[in-house]
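The sequence lines fix the lettering, A, B, ..., with proteins before strands; numbering per chain opens at 1.
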Amino acid sequence: DAKTTQPNSMESNEEEPVHLPCNHSTISGTDYIHWYRQLPSQGPEYVIHGLTSNVNNRMASLAIAEDRKSSTLILHRATLRDAAVYYCILRSPGGGYQKVTFGIGTKLQVIP
Amino acid sequence: DAGVTQSPTHLIKTRGQHVTLRCSPISGHKSVSWYQQVLGQGPQFIFQYYEKEERGRGNFPDRFSARQFPNYSSELNVNALLLGDSALYLCASSIRTSGIGEQFFGPGTRLTVL
């Protein structure tokens, strides 16, 4: 299974942008890159996903390297509510056998 | 609309016992996945079901089993509980099994094995 590598923790000041990196050097050509976050005492929450092109939604932006071996989740203005564990995972597009692997994730601390 | 619901919220069992955890997906979602999250770790995939058929299985022993009902709700069963089974068990639903769509997670069931 293709795995992802993320820093264990990061800090950001409130109202500043945050760049959360993820390495996935063994990604296959068809794997989608997904990001989820988990606030304390809650289940994970979908943030964004992409395949090759950069993606934007109301929550964040996803920048994908040209060789797809790494990606970066960008929170444009961190708020205290963004303090969470962020997971970068890979998922195949097919409807057949599915095995999803979450790593330890990056714990983001937002400083007021 | 109601999100993914799980029951019970908390559960305490002793070693050797059996446990059944329940999950109701979002209305219209036909795929349900189960995850185990040990404290300090990311969720670990256990099973995925779609249209009542198993579509994926993680590296868990045969003590773990699951099923999906005609209304797409699901049960996770764990036999012969071990102390190491203590964890947060998460259920996630999605419209399809495809890796393109997002999964919606429930709040989880906290299982403590004594």
Side-chain angles (χ1 to χ4, degrees), chain A residues 1-9 20 22 24 27-53 55 57-60 62 84-108, chain B residues 2-7 9-10 21 23-26 29-51 53-60 66 68 87-110:
Chain A
D1 297 326
K3 288 184 169 55
T4 62
T5 304
Q6 302 175 251
N8 289 341
S9 63
L20 298 166
C22 180
H24 29 78
I27 189 172
S28 76
T30 57
D31 283 344
Y32 279 75
I33 303 159
H34 288 243
W35 284 81
Y36 284 76
R37 72 179 185 182
Q38 188 171 22
L39 280 66
S41 302
Q42 294 187 23
E45 171 190 33
Y46 168 82
V47 177
I48 199 168
H49 76 278
L51 181 62
T52 56
S53 303
V55 184
N57 66 20
R58 64 175 179 81
M59 290 183 68
L62 176 61
V85 178
Y86 287 78
Y87 297 100
C88 166
I89 64 173
L90 304 178
R91 297 188 66 196
S92 61
Y97 189 85
Q98 292 280 333
K99 185 174 180 180
V100 181
T101 302
F102 281 77
I104 296 176
T106 297
K107 185 174 184 177
L108 175 65
Chain B
V4 177
T5 59
Q6 294 186 243
S7 63
T9 304
H10 296 86
L21 310 180
C23 171
S24 292
I26 291 173
H29 286 194
K30 298 181 179 181
S31 178
V32 170
S33 296
W34 287 95
Y35 294 83
Q36 180 196 66
Q37 187 172 25
V38 174
L39 196 62
Q41 303 292 321
Q44 297 299 306
F45 174 73
I46 310 176
F47 287 110
Q48 181 184 39
Y49 276 78
Y50 178 74
E51 289 281 16
E53 291 187 1
E54 183 182 299
R55 290 299 189 95
R57 174 184 286 257
N59 295 325
F60 281 82
Q68 187 176 32
L88 180 68
Y89 287 85
L90 294 161
C91 171
S93 78
S94 56
I95 293 175
R96 291 175 290 275
T97 61
S98 168
I100 298 175
E102 63 182 280
Q103 289 189 315
F104 295 83
F105 284 81
T109 294
R110 173 72 62 187

- Under the side-chain contact (heavy atoms from CB on, under 4.5 Å) rule, what do A:R91 and B:Q103 come out as? Steps first, then yes or no, please. CA-CA 11 Å; A:R91 297 188 66 196; B:Q103 289 189 315; 3.6 Å; yes
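The candidate from A:G50, A:G43, A:P44 with the greatest count of non-hydrogen atom pairs under 4.5 Å with chain B is A:P44.
Heavy atoms of B:Q37 lying under 4.5 Å from chain A belong exclusively to its side chain. B:P107 touches chain A through its backbone: at least one of N, CA, C or O sits under 4.5 Å from a heavy atom, while the side chain does not. With a 4.5 Å cut-off on non-hydrogen atoms, B:Q44 touches chain A through its side chain but not through its backbone.
In this structure B:A66 satisfies the side-chain contact (heavy atoms from CB on, under 4.5 Å) test together with B:W34, B:F47, B:Y49, B:L76, sequence neighbours excluded. Under the ring-ring contact (aromatic ring centres under 6.0 Å, His included) criterion, B:Y35 pairs with A:F102, B:F45, B:F105, sequence neighbours left out.
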